[in-house]
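Note sheet for the following structure.
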Amino acid sequence: MNLSGPRVPVSRRHEAPVMGRHIRHAAVFCALLLAALLVNAARVQIVQAARYDDSPGNRRASIARYGQPRGDILVDGAPVTGSRDTGEQLRYERTYADGPLFAPVTGFSSQEYGTTFLEHAEDGLLSGVDPLLGAFPLWNDFTRSRPPAGNVVTTLNGRAQRAAYQGLAGRKGAVAAVEPSTGRILALVSAPSYDPALLSGNDPGAERAWARLNADPDKPMLNRAVRQTYPPGSTFKVVTAAAALDAGVVRDLDTPTRSPAPYTLPGTTTRLVNAAEGCQDATVRDAFVWSCNTVFAKLGVDTGLRGMAATAEAFGFNAADVRVPFSVARSTFDTSVDRAQLALSSIGQYNTRATPLQMAMVAAAVANGGLVRTPYLVERTTRWSGATLAAGGARSARQAMRPSTAYRLRELMTDVVREGTGRNAAIRGATVGGKTGTAQHGIGNAGTPYAWFVSWAQGDRDLQAKVAVAVVVEDASGNRGEITGGGMAAPIARAVMEAVLKS
């Protein structure tokens, strides 16, 4: 019996293993192709995602950005921004309530021209891409989905903002107001202003508005409160008085100073004069109340460059990268001047320059016992539901002068309002301190002087000052001789302080 079964040809015995090997090779090759495909997809979607997102030809990011309503910016708990459904590919456009009033704070959000100020500084939150907004940020990154946008709650006092805006109506200038004990910005106004809603879309109307606003010689899109610096003029005498008192150059406010009038600038034949009478050998109190240039120019020289610079920088001058959260122009006190230039710098001229926000901080330091609080504009950020994401709170502080010096400066500033050049800032039922200033500028000082006023106010029932204000008016219709801080800027400051005290 044959138990071996049918014989299989040799060629057929080897055929099955060969075919299996080919199949395995093909499977491995396909797996490698699949792996390469996945690696390439990961490379495109993860490693090179930023490059493709930023590509001018990629509109997906723009479509997604404007595919949902933008978060709101709030003042006094109410939104001053909104979103309008256009039904177009870039679906939602930004809207603004009282756009010109809040433009120096909100800035604009434009489909064509980007974002500025709070719209820019908080863009991640307002557009919905901030990782804190999503419960699963990594999943949102993978799916490219966006949670509902968050909101920004500002520190602004709506009444104070409106009072400042109405006070500057028809004039070119700026107002900044802060809460001395915390640094909260209560008002930030620049005039002339503009309506940011004009730039929201991408139609020809937005292009025409952009061209018109940029060509306007009055520069309505310039934020004069934080991005423009001015010679502070006599308002800088607050800083000079603080430096002289801290240095011991002045010990008694009521002792006559050895101050000639006119005062010849050291090392020159240039004579500095006063607009007021009776400045020769005047006491520091009288010189401050009536704003004697000669007395304070000499005080600055007697204090010396090192002492003047140290005090100015303690107030915030020469500080770089100040943000509130958007950037603020650097206020400057020149630290490389000779004695004649120091004399002029000490009365807020020569190269001394300041933003209105910086001068509001100077007044706030006097009202707050010499302590300067870093200013801030965002009280907190929230989810769309109102739940807090991050809180602002009081920022860091530094001592600009001794508490005893601040106390004496409060006396001097109160005297200015009670009996000096700042009487127009007086408020019934409150203690008000102030300092006027008239800053020369232009070639040969031929330009219309800037009218300044810095002040603080404390209600009779308040335990501490509630507001510090700086006002600058660049131009006016009055005669040159009528342009003074007390005449033009002080009434605006008074209206802002009253608004805060009544809030």
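Partners of Tyr350 according to the ring pair (Phe, Tyr, Trp, His ring centres under 6.0 Å) rule, which considers only residues two or more places apart in sequence or in another chain, do not exist here. Partners of Tyr407 according to the ring pair (Phe, Tyr, Trp, His ring centres under 6.0 Å) rule, which considers only residues two or more places apart in sequence or in another chain, do not exist here. Contacts of Ala309 classified as side chain to side chain contact (heavy atoms under 4.5 Å, CB included), with partners at least two apart in sequence or in another chain: Phe333, Thr335. Residues satisfying the ring pair (Phe, Tyr, Trp, His ring centres under 6.0 Å) criterion with Phe317, sequence neighbours excluded, are Phe236. Scanning for side chain to side chain contact (heavy atoms under 4.5 Å, CB included) contacts around Pro256 gives Thr283, with sequence neighbours left out. Partners of Gln228 under the side chain to side chain donor-acceptor pair (under 3.5 Å) rule, at least two apart in sequence or in another chain, do not exist in this structure. Contacts of Tyr165 classified as ring pair (Phe, Tyr, Trp, His ring centres under 6.0 Å), with partners at least two apart in sequence or in another chain: none.
Side chains of Asp246 and Thr405: a donor-acceptor N/O pair is present below 3.5 angstrom, by distance only.
Side chain of Thr155 to main chain of Val378: no donor-acceptor pair is present (N/O by atom type, distance under 3.5 Å, no hydrogens or angles).
For the salt bridge (Lys or Arg N to Asp or Glu O under 4.0 Å) condition, the pairs that include at least one residue of residues 217-242, sequence neighbours left out, are Lys172-Asp218, Arg224-Glu474. Counting only residues at least two apart or on different chains, the salt bridge (Lys or Arg N to Asp or Glu O under 4.0 Å) pairs with a member in residues 99-124 are Arg65-Asp123, Arg70-Glu119, Arg70-Asp123, Arg94-Glu119. Evaluation of the salt bridge (Lys or Arg N to Asp or Glu O under 4.0 Å) test over residues 275-287, restricted to residues two or more places apart or in two chains, returns Asp254-Arg285, Arg285-Glu411, Arg285-Asp415.
Within 6.0 Å of the CZ atom in Arg410, the count of heavy atoms belonging to other residues, nucleotides or ligands exceeds 12.
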Trace of the side-chain contact (heavy atoms from CB on, under 4.5 Å) decision for Ser109 with Tyr96: CA-CA 10 Å; Ser109 175; Tyr96 296 88; 3.8 Å; yes

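Aromatic ring orientation, Trp210 versus Phe108: perpendicular (interplanar angle above 60°, classes split at 30° and 60°).
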Hey, can you pull the donor-acceptor pairs under 3.5 Å for the side chains in residues 354-369, sequence neighbours left out?
from: Thr355; atom 1: OG1; to: Gln358; atom 2: N; distance (Å): 3.0
from: Gln358; atom 1: NE2; to: Phe315; atom 2: O; distance (Å): 3.0
from: Asn368; atom 1: ND2; to: Pro180; atom 2: O; distance (Å): 3.3
from: Asn368; atom 1: ND2; to: Leu371; atom 2: O; distance (Å): 3.2

Donor-acceptor contacts, no H, no angles, side chain residues 491-503, under 3.5 Å, sequence neighbours left out:
from: Arg494; atom 1: NH1; to: Asn424; atom 2: O; distance (Å): 2.5
from: Ser503; atom 1: OG; to: Asn157; atom 2: ND2; distance (Å): 2.9
from: Ser503; atom 1: OG; to: Ala499; atom 2: O; distance (Å): 2.6

